[in-house]
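Presented below is the structure to which this report refers.
Note that the structure is a prediction, hence the values are computed from the model and not measured. Letters go in sequence order (proteins before strands), and every chain restarts at 1.
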There are 6 protein chains.
Amino acid sequence: MSKKRPAKQCRPLRITRKFTDTPAGSVLIEMGQTRVLCTASLEPSVPKWREGSGLGWVTAEYNMLPGSTSPRKPRPKTGITDSRGTEIQRLVGRSLRSAVDLKKLGEVSIVIDCDVLQADGGTRTAAINGGFIALMDAIKYGKKQKFIQDDPILHHIGAMSVGIVHGKVCVDLDYELDSQADVDFNVVMTESGQYIELQGTGEETTFSPDQLNDLLLAAKRAIRQMVKYQKVSLTKKSTLFEK
Amino acid sequence: MSKKRPAKQCRPLRITRKFTDTPAGSVLIEMGQTRVLCTASLEPSVPKWREGSGLGWVTAEYNMLPGSTSPRKPRPKTGITDSRGTEIQRLVGRSLRSAVDLKKLGEVSIVIDCDVLQADGGTRTAAINGGFIALMDAIKYGKKQKFIQDDPILHHIGAMSVGIVHGKVCVDLDYELDSQADVDFNVVMTESGQYIELQGTGEETTFSPDQLNDLLLAAKRAIRQMVKYQKVSLTKKSTLFEK
Amino acid sequence: MSKKRPAKQCRPLRITRKFTDTPAGSVLIEMGQTRVLCTASLEPSVPKWREGSGLGWVTAEYNMLPGSTSPRKPRPKTGITDSRGTEIQRLVGRSLRSAVDLKKLGEVSIVIDCDVLQADGGTRTAAINGGFIALMDAIKYGKKQKFIQDDPILHHIGAMSVGIVHGKVCVDLDYELDSQADVDFNVVMTESGQYIELQGTGEETTFSPDQLNDLLLAAKRAIRQMVKYQKVSLTKKSTLFEK
Amino acid sequence: MSKKRPAKQCRPLRITRKFTDTPAGSVLIEMGQTRVLCTASLEPSVPKWREGSGLGWVTAEYNMLPGSTSPRKPRPKTGITDSRGTEIQRLVGRSLRSAVDLKKLGEVSIVIDCDVLQADGGTRTAAINGGFIALMDAIKYGKKQKFIQDDPILHHIGAMSVGIVHGKVCVDLDYELDSQADVDFNVVMTESGQYIELQGTGEETTFSPDQLNDLLLAAKRAIRQMVKYQKVSLTKKSTLFEK
Amino acid sequence: MSKKRPAKQCRPLRITRKFTDTPAGSVLIEMGQTRVLCTASLEPSVPKWREGSGLGWVTAEYNMLPGSTSPRKPRPKTGITDSRGTEIQRLVGRSLRSAVDLKKLGEVSIVIDCDVLQADGGTRTAAINGGFIALMDAIKYGKKQKFIQDDPILHHIGAMSVGIVHGKVCVDLDYELDSQADVDFNVVMTESGQYIELQGTGEETTFSPDQLNDLLLAAKRAIRQMVKYQKVSLTKKSTLFEK
Amino acid sequence: MSKKRPAKQCRPLRITRKFTDTPAGSVLIEMGQTRVLCTASLEPSVPKWREGSGLGWVTAEYNMLPGSTSPRKPRPKTGITDSRGTEIQRLVGRSLRSAVDLKKLGEVSIVIDCDVLQADGGTRTAAINGGFIALMDAIKYGKKQKFIQDDPILHHIGAMSVGIVHGKVCVDLDYELDSQADVDFNVVMTESGQYIELQGTGEETTFSPDQLNDLLLAAKRAIRQMVKYQKVSLTKKSTLFEK
């Protein structure tokens, strides 16, 4: 199936807001077959080490449900996720934090939990994209509840995976493409094309400055569209973006 | 809202099969506002201690996602779930195992993961009901794949929570009712009314043999209906049972 | 040996109070070959989450010593007990807590540690029966020390395991009977026959409402006797009840 | 009470063999108010790293039950004992291992579990003394069961705590003496006065070579008597040695 | 002190090979005040999941000694490092693995342990640079010992941190610069300027494509020099590169 | 190599103070091929349980780096060190604490981290000797910073391993000697020959009072010299004591 999709076209995207009712923000994001439930919980206090600073706190946790992969992925026995998950949740947390003016947020904590229901490549960028919507919803809720006074959002952010597969730049890689990719990149950007996070690795090869430029260009285009779609989704409960 | 529902009428039930595509069985069960994702993973082998026995293995894991409650429930730092979750997953595992002829299953393992997406009372019975459908689907898949030869299902099973609230027997308690209940019961039964598991506790009170009879009668009726609904759901992808 | 005992007669029971001198309550209970050391430690404070509530706290921990079984049972590497032990200690804790008026207890904690010295079936009911005596002694000590003002005991409680073995209802099952039982029940009751906890499981079978009635009746009779014996034991240091 | 006992006289000693029936060796040792249950479990195999060596394995685990002290000692959350317990169980293990010809033992493992039921000073020496009897009984059992061919016991061993309290050498220190001791020594010896283990610490002071000599002399005398008592106890189920 | 150093000049670099004698490779690398001990241990086998593949395995572990920072950094209580360390050791492992033809390495494992003795910024790039020398030495040793047949090194690699501080691109940031940096980048490259890993984050800001270009250019120059210095160091025991 | 050294002569000793710059005290001690980095971190507060006592706190942690042995020693997965390390760090902590008047120290904590860079026997005595110099330096620093008012050092202490190898008393055993030793002793003494800690074990044999005397005499001589060398080293950055 992935073979028929043009290399620089993203997979179908579906964003369902208020997927569950309990948390302040709750988004099911589907990028192709990858599905991540992103819930944003808001607490009117900050961790001990931050008390009295006047600053808020935004953090993320990432985990894959056992049934999200085949064969089944056993739950971690210690810690809240495994070492790959730790690397990812640090990336997600930094990215989402960078979108928020923590001074304007005030002494409020937002934890964004990203639980992967189904994994088919690109779970970390799905977590950032879905997590950002959940974060927006949680802030809207916090303002309504008067926990938060000013709008602390600095800019819209979007994330995309790009890679080089058989010499060609591809975006939004599914598992099959990802496992064939020579280079694997995750890019987080603002709407206006400023970088927030950049993580690239030449899995079993290296890559040239020219290839880097091509990758970043493709990422930029895809993220611009992603942010556009995010904005539409913020006005609806559930939206499917096919192309 | 819960006050308007007749005490012996179950909450609206929705069963969505194939909610995700990766595992052999994948069911989203919604009993009122409680939602549990039950995935059944099938492996053509058994744990070490069971090798060579000719017997299969069925087990369950239960966990609540952090965003399933408000305030947010932190992830367990050690072990796969907390102590309450341990008690529940042992109940779920025993119940599902009892529905399977492990000899007919052969040296095959089925793990049913029950991840609570939203908690509003009755998560353990939802896990058993949804887990049973996932188990059925996994066995169907295993037979198609020739991992499993004979149908090992012994009987249909259903689970229901019942309780005494302000002196009245109620079924399928949501969180609000549950927190007011004097007696809290979880019953697992076969279609024909035979008991599989019975766990009852007088939270802050005791209960009489007569009350026990009333509770069990109410559970029996509700479970008979639950099994009926399960059977319907096994013919469809998603079904809503309003009454 | 177990074969000669009438099915509805309990095993010889020995209750030794003040088995050790350090804790406020210390009971060695022997039900047949099962021996559990139950110590009740009293602290004039409550856990953080309960401070200022005016309510006391009663909880239990259950563990099996490595030498209590053959082959030796390795100590748990994480957590205070294994998953079976977690299920049991929650049952023991709820049962003992239900016997106490936590308001009358006041902001005092009682921890009942149930350490199995030798396991021959029925360790959880032995833990509840022995733990209750240790709890009584701890409360007596607390009143003498003026930690506790009023008597907070609501009622005497007793626990018994019952089961169906080869079609016959048996009480107080030893390991041999337990491993042959089709149905396995643990019942906690007050002196007057009110239920506190009920946990039953059809190990590899199911059971009918009639069988349930027979089981509960047998449990009731055995518990009534157990409470009688407990009351005698509260007047002596060590007592053996042969029949 | 301890004040009246002559400084170089041991506390009353009681050794109860076969205190429980399940393990190959099971000894309750009481040195004054200190009581340690020592069970020796025998397995006809050795740990992986020792397979094929022709050598046996003897090891020990030490733990204090929560109710053994006042205030209650919480159970360790990770690992099988705390850091003090780790230090002690290594001493106990080395001491007991030194009494056994591991070649003659053959590929058999003996684990000696030392669980402190009540702690009043000297728990580690009680664990060694009681553990040695349990070890002897386990070997006897192993020979009867034909797991063990030759008698692998090299020599009888005994252990004693000695210390300097207010300038005077004392033996078999209870908690009260121990907490006042300037120097605290644990000595493990053979019957004939050869050293096996020697661990001494000047808690908040230092000690001279002359003081060391006095301590070792007192330990030697007390251990010689301890071994004598051990030998008597090996012929009886329970014995009390008052002086 | 750091203020006087030109922004694009690296800190003094010292590479001491054979710092310890036990491991196959042992390098103390000092980049300014940052000091990391990199030891490479070689084992003539691979992890279970890789047996029979014909492929070797290269991995890294990263940890900071408690005394490497002020205030003292407590040791991790579970797991081999904390979550920041987990992110870093995955980067170090991937980078070093990319320099090796795992097929030519054969079924041999190399673990590179990077223990930070003193932390003053740039510990992850120091770990990669020092780890690469240790890896080279381990491979040389393996070839001498006939564990390894062919030279599996694909290319020399170097790593450098670059950042934007007060609007200016800086290389090899020490802690003081790092804490003021708006953008923080870690680049791993081959000698010939091909990328291996790229990780950049706009700590509390974003960065433009032009700034990215400047950063990558500065990194490229510094890494080219780093590889030159590495090559010199491979001919000597200890070398100091002042400029 | 070890064979040529006279049995009662210590290995070459090198003490390098201020090996790293961050901690208040930082000593690399080399006894032959054994190298231990001892850092002393000073905090102007004490653990919770000691607050308000007016007393300071001195403690130690001991760990072996993975590359310190061959084959590589995996890092502990739980806890800060393994069970052997726990035993050692308790010895090191007690020994160093005994050198300090905790009242004079005041409510200040000193943690001495002993990380073994290379292990060739005698790591625990190296940790005590090096740790003591680091402790002295930390106290000097604390007095300069006015954290500490009076000099709290009670006496200089030294530690030495002694053993019986092939019937002969040896001092400062390297790994080769240690593995052949029948008796293994660690002695901690003051300058003037008073004992602080004594730990001896007849690995696979026993030892007589006469042998004990010879061991202690050899230890005393070697420690007297060690303290002399320590005092010299306190006046220099790095010193090598060849004989």
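Contacts between E:S68 and chain F at a heavy-atom distance below 4.5 Å involve the backbone alone (N, CA, C, O). For a residue to count as touching a neighbouring chain, one of its non-hydrogen atoms must lie under 4.5 Å from one of that chain's; by this rule E:P76 touches chain F with the backbone only. Heavy atoms of E:T69 lying under 4.5 Å from chain F belong exclusively to its backbone. For E:D21, the parts lying under 4.5 angstrom from a heavy atom of chain F are both the backbone and the side chain.
In this structure, the salt bridge (charged side-chain N to carboxylate O under 4.0 Å, His left out) partners of E:D113, at least two apart in sequence or on a different chain, are F:R72, F:R75.
For the set F:V111, F:N63, F:T81, F:D120, the entry with the most heavy-atom pairs within less than 4.5 Å of chain E is F:V111. Contact count versus chain E (heavy atoms, under 4.5 Å) is highest, among F:P66, F:S70, F:S26, for F:P66.
Here the closest non-hydrogen pair linking E:G67 and F:P23 is O-CG, 3.4 Å.
Contacts of residues 35-59 of chain F with chain E at a heavy-atom distance below 4.5 Å involve F:R35, F:L37, F:T39, F:S41, F:E43, listed in sequence order. Within residues 131-148 of chain F, no residue has any heavy atom under 4.5 Å from a heavy atom of chain E. Identified by a heavy-atom distance below 4.5 Å to chain E, contributing residues of residues 82-109 of chain F are lacking entirely.
E:L65 CG to F:L65 CG: the interatomic distance, rounded to the nearest 0.5 Å, is 6.0 Å. For the atom pair CD of E:E30 and OG1 of F:T20, the computed distance is 11.0 Å after rounding to the nearest 0.5 Å. Rounded to the nearest 0.5 angstrom, F:L117 CG and E:D115 CG are separated by 8.5 Å.
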